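It should be emphasised that the depicted structure is a prediction, and the values quoted were computed from it without experimental measurement. A note on names: the letters A, B, ... follow the listed sequences, proteins ahead of strands, and every chain is numbered from 1.
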Amino acid sequence: MTNYWLMKSEPDVFSLDDLKKAPKKTEPWDGVRNYQARNFMRDQMKKGDVVLFYHSNCKEPGIVGVAEISSKAAYADPTQFDSKSKYHDPKSDPDNPRWYMVDIEFVSKVADVDQPVGLPEIKSDPKLADMELVRYGRLSVQSVKKAEFDHVKKLAGL
DNA sequence: GCCAACGTTGGC
DNA sequence: GCCAACGTTGGC
């Protein structure tokens, strides 16, 4: 069964366009350092799951497109063992890695990226009032219900 | 840049 | 195991 997700990225750091421009349009989603987000990736994500791509911490926060999980499952995030990386975690044991990641692949984006399905629109839509994004905004990887996913896709014209 | 709402750390 | 202090997220 396909699972539905929402994943956040700051467009100044890594935008949906960056993903689209990547070779093979797929990139490792490294740097997640939150246990709840990690648990979703490590325990539940699998290839083919679909993802609402959310731009945070920017002028027009909102959902800008769709991606999908392209790695077979989650695997250890190598940046945790790289002392030069800003995601380095000296407490993580290579024999029992603390942090996991998945690869995600570009699928589609809204026609005009300056007009995403914006956060105010999401918050004011009764069909989306139960989204984790609305109820508890700060988690970078969230689970989304199929009905919510379909509704957002419709709003986005995808 | 401010700050609310969290999560994490570490002393005890 | 409690909790104060600190760090982070992210909208505004």
Side-chain donor-acceptor contacts of residues 122-136 of chain A below 3.5 Å, not counting sequence neighbours, with atom names and distances?
residue : atom : partner : partner atom : Å
S124(A) : OG   : P120(A) : O            : 3.0
S124(A) : OG   : E121(A) : O            : 3.2
D125(A) : OD1  : K127(A) : N            : 2.8
D125(A) : OD2  : H151(A) : NE2          : 2.7
E132(A) : OE2  : S143(A) : N            : 3.4
Y136(A) : OH   : R138(A) : NH1          : 3.4

Base, sugar-phosphate, or nothing: which does K91(A) touch, judged by heavy atoms less than 4.0 Å apart? sugar-phosphate
Quick check: on DNA chain B, is the nucleotide nearest N57(A) upstream (toward 5') of the one nearest R138(A), or the reverse? Name the residue that is more 5'.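 Whichever sits nearer the 5' end wins; that is N57(A).
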Inter-residue atom distance N3(A).CG - K46(A).NZ, 0.5 Å rounding: 4.0 Å
Would you say that Y54(A) contacts I63(A) through its side chain, given a criterion of any heavy-atom pair below 4.5 Å between the two side chains? yes
D89(A): what forms a side chain to side chain contact (heavy atoms under 4.5 Å, CB included) with it, not counting sequence neighbours?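 D89(A) satisfies side chain to side chain contact (heavy atoms under 4.5 Å, CB included) with Q80(A), K91(A), S92(A), R98(A), W99(A) only.
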For the helix from dG1(B)-dC12(C) to dC12(B)-dG1(C), what angle separates the axis at the start from the axis at the finish, each from five pairs, in steps of 10°?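 Angle reported: 10°, given to the nearest ten degrees.
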On DNA chain C, reading 5' to 3', which nucleotide is the first and which the last to sit with an atom under 4.0 Å from a heavy atom of chain A, could you check?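 The footprint of chain A covers dT8(C) to dC12(C).
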Applying ring pair (Phe, Tyr, Trp, His ring centres under 6.0 Å), can you list everything that pairs with Y4(A), at least two apart in sequence or on another chain? F149(A)
According to the interplanar angle, ranging from 0 to 90°, do the rings of F14(A) and F53(A) count as parallel (below 30°), tilted (30 to 60°) or perpendicular (above 60°)?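 The arrangement is tilted - the two ring planes meet at 30° to 60°.
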Does anything in residues 26-40 of chain A form a salt bridge (charged side-chain N to carboxylate O under 4.0 Å, His left out)? List the pairs, not counting sequence neighbours.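 Salt bridge (charged side-chain N to carboxylate O under 4.0 Å, His left out) check on residues 26-40 of chain A returns R33(A)-D77(A).
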Using distance alone, with no hydrogens and no angle criterion, decide if D82(A) and T79(A) have a side-chain donor and acceptor under 3.5 Å apart.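 The criterion, which ignores hydrogens and geometry beyond distance, is not satisfied for T79(A) and D82(A).
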